[in-house]
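Mind looking over this structure? Questions follow.
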Amino acid sequence: MLRTAAPDDRARFSELRRREFSRLDVLGETYLDYAGSALYGETQIRKHHAALNRGLFGNPHSEHAASRRSADVIEATRHRVLRFFGVDESTHAACFAANTTAAIKLVAEAYPFDSRTPLVLSTDNHNSVNGIREYARSAGARVHYLPIDNSLRLLDAESHLSRVAGRGLLAFPGQSNFSGVLHDLTLVRRASEFGLDVLLDAAAFVPSHPLDLSEVPADFTVLSFYKMFGFPTGVGALIARHEALARLRRPWFSGGTVDYVSVALGRHRLHPRHEGFEDGTANFLDIAAIADGLELLETVEMPKVRAHVAGLTGRFLAGIKDLTHRTGIPAVSVYGPRTLDRRGGIVAFNLNSADGEPIPYTEVEARAVDARIAIRGGCFCNPGAAEIAFSFDPVRVASCLDSTGARFSQRRFRECLGGPVGAVRVSFGLANNDEDVVRALAFVASFLESAIPTDVRNITARISNSV
Ligand SMILES: Cc1ncc(COP(=O)(O)O)c(C=O)c1O
């Protein structure tokens, strides 16, 4: 079970909220969509603006001072990113890409899939990982899914892996962006022992958990920086072990990636290591902002971020656990773990009416907008977890998809299936505080037909003492 923040640390996070994120309180908005994006701290923006105003930055592919400055910033940031994840250039390369999705695609399009080199996917995966299967299939590779159980955890993953042992690529998330489940990272080493390469989707994991890649030997790790510290958007990374990167076969070349190209001879030679994977001009001005974001997280310390987020999540889970209508019907159905055991700060759930019918997530989302609470609705680009969470019957789903065809909409799909097809998701992060949890609980309680917990604040106070 995770430890939650100590009282001293709670005071430090309150101070951080005042110093870096006061705009949340000025705007009167409750931001509970950290799985969508983190929020940037004010200091990051001040420092970045000062650096831009002071410096002269040019395209990094030239020799002049402005170009050198950009190139130096990129290389220093590359080093800093590797160090943040516990490794350095001797074992790993950091390739900058537009986001996690683009970083995944670098691997997907270049991985040597064939009839003897399969793809193994966790059923719980973001669509940006699920999409790898199209590259695998078109190369004639088999695609296997590791099943998940009703609490949305991987089910007996090792024995499934042992059956595909030999070669291939396993791709799974550190934290589920649907359920908040923390998948067991020892699976990375076990999969390597089975002869598989591993792509670790760290996009939802690294914003609130330390990750040491010298302990977790993933071949490919992908992430987006805006999910970690809000700014910059448009930059992610593929962090790859050198041997794994060397096994990839890039399907093309572009400006920035080549030692040479001969038009007359039809020949080219890719740069070795990260340079062969960074297409075109790097996003040099935004890359220059990454160090400020990493500094914020380093100053706060990742284990403390994890404990802070665990505390908020625990208080929220405890607050919704016993909410029931007067009919005795539970007001909330949570998908995934209901305790802090091996879970992060992402909680997906549906609200039920007094007669037990799920309230459409679209209605809940609309009311959250009115209450100035930022939450997300839908299946969060994670259809595998959604299909298990909502107990979809594959035959029925196929028939509903066939019958709706080009007229597909969430409403038609829901009417055809006769059950929930989406949920609402709250996700906590660095900037959140107990007041946010109280507002989230008050919002959930507002769906009870009579307000049983008349003073949600008291409930949360009781909960705070118990976690
Ligand atoms: C687990 C996970 N993987 C991948 C992605 C895709 O990230 P991006 O949209 O930044 O490419 C997300 C985004 O929400 C995610 O949560």
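Residues take their numbers from the sequence shown, with the count starting at 1. Read the numbers this way: they start at 1 and go in the same order the structure lists the ligands and their atoms. Just so it is clear, the model here is predicted, and its values are computed rather than measured.
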(message) Looking at every heavy atom in both R343 and S179, which two are closest together, and how far apart are they?
(response)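 Closest pair (atom of R343, atom of S179, distance): NH2-O, 3.4 Å.
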(request) Measure the distance from atom 1 (C) of ligand 1 to every protein heavy atom, then report the residue, atom name and distance (to 0.1 Å) of the closest one. (result)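 Checked against all protein heavy atoms, atom 1 (C) of ligand 1 sits closest to D201 OD2, 3.2 Å.
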(request) Decide whether a cation-pi geometry holds between R367 and F447; the criteria are a distance under 6.0 Å from NZ or CZ to the six-membered ring centre and an angle within 45° of the ring axis. (result)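 Positive - R367 is close enough to the ring of F447 and near enough to its axis.
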(message) If we count only N and O atoms by modelled type, under 3.5 Å, do the side chains of N125 and D201 hold a donor and an acceptor together?
(response)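 Checked: N125/D201 side chains show no N/O donor-acceptor pair below 3.5 Å.
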(request) Mark up the atoms of ligand 1 that fall under 4.0 Å of a heavy atom belonging to A203, in ascending order. (result)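 Counting atoms of ligand 1 from 1, those under 4.0 Å from A203 are 2 (C), 3 (N), 4 (C), 15 (C).
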(message) Counting only heavy atoms closer than 4.0 Å, does ligand 1 sit against the backbone of P173, its side chain, both, or neither?
(response)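 Answer for P173: neither.
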(message) Could you tell me, atom by atom, which parts of ligand 1 come under 4.0 Å of a heavy atom of N99?
(response)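 The atoms of ligand 1 under 4.0 Å from a heavy atom of N99 are 10 (O), 11 (O).
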(message) Among all the protein's non-hydrogen atoms, which is closest to atom 15 (C) of ligand 1, and how far away is it?
(response)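 Going atom by atom, the protein heavy atom closest to atom 15 (C) of ligand 1 ends up being H126 CD2, 3.4 Å.
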(message) Taking the cut-offs as 6.0 angstrom to the six-membered ring centre and 45 degrees off its axis, would you call R190 and F172 a cation-pi pair?
(response)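 Verdict for F172: no cation-pi partner in R190.
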(message) Please list the nearest protein heavy atom to atom 7 (O) of ligand 1 with its residue and the distance rounded to 0.1 Å.
(response)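 It is T100 CB, 3.5 Å.
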(message) Using the rule salt bridge (Lys or Arg N to Asp or Glu O under 4.0 Å), only one of R241, R247, R167 pairs with D197; which is it?
(response)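 Only match with D197 under salt bridge (Lys or Arg N to Asp or Glu O under 4.0 Å): R247.
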(request) Could you tell me the residue and atom name of the protein heavy atom closest to atom 11 (O) of ligand 1, and the distance to it rounded to 0.1 Å? (result)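 Its nearest protein heavy-atom neighbour is T101 OG1, 2.5 Å.
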(message) So, 4.0 Å and heavy atoms of Y226: is ligand 1 close enough to count as a contact?
(response)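 Contact present.
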(message) Return the closest protein heavy atom for atom 14 (O) of ligand 1 as residue, atom name and distance.
(response)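 Looking at atom 14 (O) of ligand 1, the protein heavy atom closest to it is K227 NZ, 2.7 Å.
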(request) Give the contacting part of N177 toward ligand 1: side chain, backbone, both or neither, where contact means a heavy-atom distance below 4.0 Å. (result)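 Within the 4.0 Å criterion, N177 contacts ligand 1 through side-chain atoms alone.
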(request) Identify whether NZ of Lys or CZ of Arg in R83 sits under 6.0 Å from the centre of the six-membered ring of F85 and within 45° of that ring's axis. (result)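 Pair R83/F85 does not count as cation-pi.
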(request) Assess the side chains of D292 and Y40: does a donor N or O sit below 3.5 Å from an acceptor N or O? (result)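 Side-chain D/A pair, D292 to Y40: absent.
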